[in-house]
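For reference, the structure discussed in these notes is given below.
For this chain, numbers begin at 1 and follow the sequence in order.
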Amino acid sequence: MVKFGLRLSQNRAPEYPPEAYMDYDKLKEIIHDLKKKKLARVDSTTREVSLTAPPPTNAAGRQLTADDSPVTEEDFYSTIDKELAKVESFTLQQVMELRKQIDQVEFDIQGWTSTTTTTTGSISSGVNKLNETQIETSRNTADTIAKSFLILEKYVNINFMGFHKILKKHDKNSPQHQCKQFYINRMHNQAWVRGDYSDVVVRLSGIYAALRDDCVVVEKEGGAAQSSFLRSTTKYWVRTEDVSKVKYAILKHLPVFLQKTSTGESDSQLTNSVYFDNDQLELYHGRLDKTPGAIAYRLRWYGAGDPKLVFCERKTHRDTWTGEASVKERFTIDESEVKQVLNDKYPIDEKRAEMQSKKGATAEEVDDWETLVREMIQVVQVKQLVPTMRTQYMRTAFQIPFDATVRISLDTNLCMISERGYDTMGGAKWFRDPEKPLADNEITRFPHAVLEVKLELGGANAEPPQWVTDLQNSGMLYEVHKFSKFIHGCAALLPEYVRSVPYWVDDASIRDSILRSGGGRILVKQDHETGVGPGANEVYDHLLPFGNVKEPRLDAKGRTANTASLVKGAEESAPKGVAAVTANQYYADADVSDEELMNSTLRGCCEDTCAGWMFPFCSGYNDDILTPTSVQKIEPKIFFANERTFLHWLHSGVTLYTIAAGILAFASDANSMTAHWYAMALLPISLGFCLYALHLFLWRSEKIKTRIPGRWDDSRGPLILGTTLCCVLFINFVMKCKEIRKYNSLLGHEL
């Protein structure tokens, strides 16, 4: 394990001077000197002192608190205060310089675009009028600013960790003068830690949008034209230290959806969602088990403070293999109307008339709205739903307006709050009083950010954009199949009510957060034999992004469904110059095509399949997977398709065997050599067909069970077996031709 002092020196940015970082060695030396001092302990029970009496002494007649060492605790406190002030000052100075650079880029772009003003005073496609040199210069400057901001964030993180380490070391060596908690709280109140520099992200997003010349896509009317699109939603975990990198990677291609706040425009907005369920957690278990028709019922509002406009939302699960898609429906109400909705007193007829008269809604739209409202009001009464769980987070959205091809949201500062244990007052109160403090078992803070990527592909956009694929392969995203904030919150905060829990609770990275919120009963013990609970993770343990408690992989690189590195050691064994795309390479603009990446990382990984020793040419995978976290959706028909393929191959083998057996049985003794050779050649081929059918069935069953991403077909096995059979048939054809020629020649001699 590398000592932090060495780690700090190795991770210093070359752009910053060494003295800009905290002096970890100096603080460590002070702690070492303080450790050598062994002062006698003063009687802490004494409550009175005398101004004329001498101070207490020890057995040697010296004052108990006498200190001959030049180093004191005050030296440590003053030194760490100076180091904190130094880091804070340097951070604020760098932020100011970055803002000045952004001002200059914005000024340049505005100056260039102003020259495109026509004689009529209108601006036509400002950026399109710029020459390529101006665009490239501005883009390079923006890239430099963004990368400088990422370097600054790394500087803040390494120093923040250093102060944590040195304070922990101090309290361990000087337990009578513990000060860690005091300084940790103090750091969180300083600008270099608590400061919100999202304005840098917002302004960079505007610069990139201007350089791309983003245009608003015309909103499409009706949904019929959209039926041919393939919609997909994927969720990922993102480490806190990678959040800014992910934002930067996205805003280069999609603009940030700006949010109005009291202090100006921000890149994120506070989002609260209160989920409803009954005492049996019926909705929780339905969503967890993915029961067809399972719903999630929630009330959502945006912004800080008390809610004003509330969105009543219902999410309904549908299995895609049935041809249906999951849907999210919602309608808006005023906060004062929430009680009416929950108590079945909402004036539907009055609101219907208002929609038709004031809002100009069509009869079809009004009918759909009324159906949704009545169904949502009814489900509250029938299922006896009450507030159960609230999620709260800061959401950053990336999207070109009215263009749903790529939509991305990033949720940070995610926490789940229990909404059980207080009087709802007949629906008048439907979320906790924010002024009252929360107990530890009433809130759980999720340690990662959650990224959600929504794609709508079709027509010319049948494939996702290359930058999306590059981001997925960057090593910063950890795909977590079907992750749900509602399900995680219920499992962590209501452990005594849940009958089953999601698979990701066994992940090593979120274990501490669950324990802090009192959800330890859903976790296995530290010394558990397998490190995972009973159920899915006993088979699907590779789904955990950071491993389990027994085999943690907290430093693992992110893996998604598009990541080609599936086998352990693939990065080390890859040819020179061709390697998996990691976060560092991603920001170094590594130019490696997907085809090269796939070929380099999957080469030589086919020996460890079941019966692989018999068919080394078959595609395979290694059980030692390098942190894959994605899964392929398994539809019921896949199991039957695997069985049908097995039977078809087996049928071909049996047919060949029958032909060979028939030839051996009915071949004449006079001319039996060719026939016997042909039959004996077909017998091992028929056996090969049968063994290959068994191998392929078992291999693909393992693929289906573990949901390993990648190709599930074998492109080489059928080719080799088919080629072998064709060779035997060709040889038999040649030998038969020779026999016919020989027979004709003998017949000519007889004549």
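- Counting only heavy atoms from C-beta outward, the side chains of Pro465 and Val406 approach each other to under 4.5 Å.
- The structure places CD1 of Ile408 at 7.5 Å from CG of Leu455, a figure rounded to the nearest 0.5 Å.
- Residues Val341 and Met376 fail the side-chain proximity criterion, which asks for heavy atoms closer than 4.5 Å.
- Under the 3.5 Å distance criterion, the side-chain polar atoms of Asn413 are left unmatched by any main-chain donor or acceptor of Met394.
- Looking only at side-chain heavy atoms (C-beta outward), Tyr208 and Ile250 stay at 4.5 Å or farther from each other.
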Working for side chain to side chain contact (heavy atoms under 4.5 Å, CB included), residues Tyr393 and Ser273:
CA-CA 9 Å; Tyr393 46 85; Ser273 300; 4.2 Å; yes
Side-chain polar contacts of residues 441-453 - donor-acceptor pairs under 3.5 angstrom, sequence neighbours left out - could you list them?
residue: Glu442; atom: OE1; partner: Ala439; partner atom: N; Å: 3.0
residue: Glu442; atom: OE2; partner: Arg432; partner atom: NH2; Å: 3.3
residue: His448; atom: NE2; partner: Ser509; partner atom: OG; Å: 2.9

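- A heavy-atom distance below 4.5 Å is found between the side chains of Phe546 and Trp237.
- Between Val200 and Ile102, the shortest heavy-atom distance links the atoms CG1-CD1, 3.8 Å.
- Inter-residue side-chain proximity for Phe486 and Tyr297 is flagged as unmet; no heavy-atom pair is nearer than 4.5 Å.
- For Ser409 (side chain) and Thr396 (main-chain N/O), no donor-acceptor pair under 3.5 Å exists by modelled atom type.
- Side-chain N or O atoms of His253 include none that pairs as donor or acceptor with a backbone N or O of Trp467 at under 3.5 Å.
- Rounding to the nearest 0.5 angstrom, the gap separating the NZ atom in Lys247 from the OG1 atom in Thr412 is 5.5 Å.
- For the pair Arg287 (side chain) and Ala294 (backbone), a donor-acceptor distance under 3.5 Å is present.
- In this structure a side-chain-to-backbone donor-acceptor pair under 3.5 Å is missing from Asn278 to Gln384.
- The shortest side-chain heavy-atom distance between Ile510 and His488 falls under the 4.5 Å cut-off.
- No donor-acceptor pair closer than 3.5 Å links the side chain of Lys485 to the backbone N or O of Thr391.
- In this structure, the side chain of Asn548 does not engage the main chain of Asp506 through any donor-acceptor pair within 3.5 Å.
- With rounding to the nearest 0.5 Å, the separation of CD in Glu106 from CZ in Arg99 is 12.0 Å.
- Phe311 pairs by the ring pair (Phe, Tyr, Trp, His ring centres under 6.0 Å) definition with Tyr302, not counting sequence neighbours.
- Separation of the Tyr275 and Tyr284 ring centroids does not fall under the 6.0 Å cut-off.
- For the residue pair Asp289 / Thr291, no side-chain donor-acceptor distance below 3.5 Å is found, with atom types taken as modelled.
- Ring geometry for Trp301 against Trp430 counts as perpendicular: the plane angle is over 60°, on a 0 to 90° scale with 30° as the lower cut.
- Counting non-hydrogen atoms of neighbouring residues, nucleotides and ligands closer than 6.0 angstrom, the CD atom of Glu496 exceeds 12 such neighbours.
- Taking the six-membered ring where the residue is Trp, Tyr346 and Trp369 present tilted rings, their angle falling between 30° and 60°.
- Closest heavy-atom contact between Gln399 and Leu254: N-CB, 4.4 Å.
- Every salt bridge (charged side-chain N to carboxylate O under 4.0 Å, His left out) that Glu370 has, sequence neighbours left out, goes to Arg352, Arg374.
- A donor-acceptor distance shorter than 3.5 angstrom exists from the side chain of Thr388 to the backbone of Asp277, with no hydrogens or angles considered.
- No close placement of the Tyr478 and Trp504 rings is indicated, their centers lying 6.0 Å or farther apart.
- A cation-pi arrangement, defined by a distance under 6.0 Å to the six-membered ring centre and an angle within 45 degrees of its axis, is present between Arg420 and Tyr497.
- Looking only at side-chain heavy atoms (C-beta outward), Ser326 and Arg318 come within less than 4.5 Å of each other.
- Heavy atoms from other residues, nucleotides or ligands lying under 6.0 Å from NZ of Lys290 number more than 12.
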